[in-house]
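Note sheet for the following structure.
Reminder, nothing fancy here: chain letters follow the sequence lines and each chain counts from 1. Nothing here was measured: the structure is a model prediction, and the numbers come from that model.
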There are 2 protein chains.
Amino acid sequence: MWRVILKDGMKGATVRNIAKEAGLSLGSLRHYFKSQEELLLFSMELVKERATERIQNIALKNLPPKEMISKMLLEIVPTNETTKAEMEVWLEFVLYFQNKQGVKIDDGVFQGFKKLMDILKQGNFLKKEVNIDLETERLYALVDGLAIHAILQPERMTKERIEHVLALHLDEICKGDCPQQF
Amino acid sequence: MWRVILKDGMKGATVRNIAKEAGLSLGSLRHYFKSQEELLLFSMELVKERATERIQNIALKNLPPKEMISKMLLEIVPTNETTKAEMEVWLEFVLYFQNKQGVKIDDGVFQGFKKLMDILKQGNFLKKEVNIDLETERLYALVDGLAIHAILQPERMTKERIEHVLALHLDEICKGDCPQQF
DNA sequence: CTATATTTAATACGATTGTATTAAAAAGAT
DNA sequence: ATCTTTTTAATACAATCGTATTAAATATAG
C-alpha cells in the first residue's frame with residue numbers, strides 16, 4: 001500500500017491496485033481486511049508504530065539530552081528514502097481522513113515535543129529566557145515544515161541542509177555550553 | 001470546487017460534485033473546462049493569484065520592513081476561515097499533482113522568502129551574525145509548519161498563538177531596536 | 001488418511017467515475 | 001424579425017470503484 005501511495009498518491013490506493021502490488025487476489029486481500037477503510041487505518045497505524053519504535057530505540061541509548069533530541073528530530077524529518085516515504089504516506093493519510101466523519105486522528109506528536117522540551121529544561125540545557133510553551137510550538141512547526149519541504153522540494157532540501165537548520169535552531173534555544181551534535 | 005474540497009477532500013472533487021455545487025449541469029461545466037485536470041489546474045491557479053494579490057497589496061502600503069513582513073507572513077499562515085480554506089485546498093492540490101506525471105508545481109514561495117529576508121538585510125534590520133541562507137530556509141519551514149498545524153490542529157493553533165510564535169521568531173533574527181508589530 | 005478449518009481465487013453486481021455526443025435553449029448580431 | 005453564435009441540458013458509454021458471493025485450493029488437526 002505504501003508503494004502504491006508513493007507512486008500514484010491516495011487516488012491510486014484502490015483495493016485492486018494494492019492487491020496487485022501485494023501479489024494477492026481481490027478476495028484474498030478482502031479476507032484479511034473487510035473494508036478499504038480498515039486497510040487504510042491498519043496501514044496508517046503501521047507507519048506510526050515504525051516511527052515510534054525508531055524514536056524509542058534512540059531514547060534507550062541514554063545519549064546526552066541534546067544529542068538524543070537531535071537524533072530523534074532527524075527521525076521525524078525525512079532524510080532518507082524510508083522516512084521520506086513514511087512521511088509522505090502519513091500526510092496523505094491525515095489529509096484523507098481529515099474529511100471523513102467518524103475517524104479522528106491524533107498522532108500525539110505535540111505531546112512528544114513537550115516531553116523533549118521538558119527533558120532539555122530539566123537538564124538545564126535551555127537558555128533561561130526561553131518561553132517553554134511557545135518554543136515547543138515553534139520547534140514542532142519547524143520540524144513539520146522541514147518535513148513537508150523535504151517531501152515536496154527534495155532537490156533543495158538535502159539531508160545536510162535539514163541538519164544545518166535543525167542545528168541552528170537547537171543552538172539558539174540551548175545554552176552555549178551544549179555539545180554540538182551535527 | 002473549493003467548497004467541495006473543503007467538505008469532502010480531493011476524493012470528493014469529482015466533476016459531477018463540482019457541477020452540482022456550482023449549480024451547473026455536467027455538460028455546462030464541460031463547456032468551460034474540457035477535462036478534470038484543466039478544472040483542477042485553473043482552480044489551483046486561482047488560489048495562488050488570490051494569495052499573491054493580498055501579499056502585493058501589503059507590499060504597496062510602504063510599511064516599515066519588519067511590520068510589512070509580519071503582515072505578509074500572516075497572510076500565508078491561515079488565521080481566518082478564508083486563508084485556512086485556501087491553504088487546505090492548496091495542500092490537497094500539491095499532494096494530488098505530486099503524483100501526476102507532466103504537471104510540475106512551483107509556487108515560487110521560497111523565492112519570495114528570499115526577497116523578504118533580503119529586504120530585512122538591506123534595511124540593516126537583521127542581527128549581523130545571522131546566516132541569511134539558512135535563516136531563510138528556517139523561516140520558510142516555520143511558516144509552512146505553522147500553516148499545516150493551523151489546518152490540522154486548529155483547536156490548539158489559535159490566531160493569537162500563531163502570532164506569538166511568529167513574533168518570537170522575528171524578534172530572534174532581527175535586531176532589538178526593531179519596532180514591535182504584534 | 002481423513003475431516004475440519006483456513007486461505008485463496010475467480011467472478012459478479014450495483015454505483016460512480018471521466019468523457020463524449022447530441023439537441024434544445026438562450027443570447028447576440030444584423 | 002431572422003440568423004448565427006454561445007451556452008445549457010440530458011443522456012450515453014466504457015472503465016473502474018468498493019463490496020459480495022461462491023467454490024477451489026491449501027493447511028492443520030485428530
Side-chain angles (χ1 to χ4, degrees), chain A residues 1-50 85-86 88-105, chain B residues 1-50 85-86 88-105:
Chain A
M1 178 161 189
W2 298 345
R3 289 196 295 269
V4 173
I5 291 181
L6 281 180
K7 194 173 47 165
D8 300 323
M10 215 47 153
K11 181 168 188 144
T14 66
V15 182
R16 282 173 179 81
N17 278 351
I18 296 167
K20 188 177 181 182
E21 177 74 37
L24 292 175
S25 73
L26 216 57
S28 271
L29 186 60
R30 183 172 161 66
H31 179 257
Y32 298 99
F33 301 95
K34 260 154 283 177
S35 73
Q36 188 188 32
E37 182 164 310
E38 206 172 294
L39 175 57
L40 292 172
L41 285 173
F42 174 85
S43 190
M44 191 171 183
E45 203 61 33
L46 201 54
V47 172
K48 197 199 288 188
E49 277 178 22
R50 284 207 184 178
E86 278 183 5
E88 186 170 340
V89 168
W90 179 261
L91 187 61
E92 294 266 14
F93 277 141
V94 170
L95 234 62
Y96 179 82
F97 283 113
Q98 164 95 334
N99 309 293
K100 264 210 164 178
Q101 52 188 6
V103 182
K104 194 62 196 168
I105 305 293
Chain B
M1 177 160 189
W2 298 343
R3 289 197 295 269
V4 172
I5 291 180
L6 282 179
K7 194 173 49 165
D8 300 322
M10 215 48 149
K11 181 167 188 145
T14 66
V15 181
R16 282 174 179 80
N17 279 351
I18 296 166
K20 188 177 180 182
E21 176 74 37
L24 292 175
S25 74
L26 215 59
S28 271
L29 186 60
R30 183 171 160 68
H31 179 257
Y32 298 99
F33 300 96
K34 262 153 280 178
S35 73
Q36 188 188 33
E37 181 164 311
E38 206 172 294
L39 175 57
L40 292 172
L41 286 174
F42 174 85
S43 190
M44 191 172 183
E45 203 61 32
L46 202 54
V47 172
K48 198 200 287 189
E49 278 178 20
R50 284 206 184 180
E86 278 183 5
E88 186 170 340
V89 168
W90 178 262
L91 187 61
E92 294 265 15
F93 277 141
V94 170
L95 234 61
Y96 179 82
F97 282 112
Q98 164 95 335
N99 309 291
K100 264 211 164 178
Q101 53 188 7
V103 182
K104 193 62 195 169
I105 305 293

Below 4.0 angstrom from OP1 or OP2 of C:dT19, is there any side-chain N or O of B:R30?
no
How many Å lie between NE2 on B:H31 and C1' on C:dA24, as a whole number?
14 Å
Between the main-chain N or O of B:K48 and the side-chain N or O of B:E86, is there a donor-acceptor pair closer than 3.5 Å?
no
Would you mind reading off the distance between B:M10 atom CE and C:dT17 atom C1', rounded to a whole angstrom?
15 Å
Whole angstrom is fine here: how far is it from CG in B:L26 over to C1' in C:dT22?
14 Å
What does B:S25 touch in the nucleic acid at a heavy-atom separation under 4.0 angstrom: a base, only the sugar-phosphate, or nothing?
base
Can you tell me how far P of D:dT16 sits from CG of A:D8, to the nearest Å?
13 Å
What one should report as the nearest heavy-atom pair of B:N99 and A:G9 is ND2-CA, 3.2 Å
Testing the basics here: between B:S35 and B:R30, what is the closest heavy-atom pair and its distance to 0.1 Å?
N-NH1, 4.5 Å
Examine distances only and state if a side-chain atom of A:E88 and a backbone atom of B:L95 form a donor-acceptor pair shorter than 3.5 Å.
no
Considering just the side-chain nitrogens and oxygens of A:S28, establish if one lies under 4.0 Å of OP1 or OP2 belonging to C:dT7.
no
For atom CD of A:Q36 and atom C1' of C:dT16, their distance in whole Å:
14 Å
Assign each of A:N17 and B:L24 to its nearest nucleotide of DNA chain D by heavy atoms, then name whichever residue's nucleotide is nearer the 5' end.
B:L24
Kindly give the heavy-atom pair with the smallest separation between A:G12 and A:V4, and that separation in Å.
O-CG1, 3.2 Å
Using rotation axes that map the C1' atoms of four end pairs onto the next four (five pairs an end), what angle separates the end axes of the helix from C:dC1-D:dG30 to C:dT30-D:dA1, to 10°?
10°
Side-chain atoms of A:R16 come closest, of C:dT19, C:dC13, C:dT8, to C:dC13
The residue, B:G12 or B:K34, whose nearest nucleotide of DNA chain C is more 5′ is B:G12
Any side-chain heavy atom of A:E38 sitting closer than 4.5 Å to one from A:Y32?
no
Approximate separation, where rounding is to 0.5 Å, of B:R16 CZ and B:K20 NZ:
12.0 Å
Please work out which residues in residues 89-96 of chain B have a non-hydrogen atom less than 4.0 Å from an atom of DNA chain C and list them by number.
none
Separation of C:dT19 atom C1' from B:I18 atom CD1, nearest Å, is 14 Å
Quick check for you: to the nearest 0.5 Å, what is the distance between B:W2 atom CH2 and B:R50 atom CZ?
3.5 Å
Taking atom CZ of A:F33 and atom CG of A:L41, what is their separation to the nearest 0.5 Å?
10.5 Å
Take the protein atom CG of B:L29 and the nucleotide atom C1' of C:dG18, then report the distance between them rounded to whole Å.
12 Å
Within the structure, does a side-chain N or O atom of B:Y32 lie under 4.0 Å from either OP1 or OP2 of D:dT6?
no
Using only side-chain N and O atoms of A:T14, determine if any of them is under 4.0 Å from OP1 or OP2 of D:dC17.
yes
Say you draw a straight line from CE of A:M10 to CG of A:L40; how long is it, rounded to the nearest 0.5 Å?
5.0 Å
Value in whole Å for how far the P atom of D:dC17 lies from CG of A:L40
14 Å
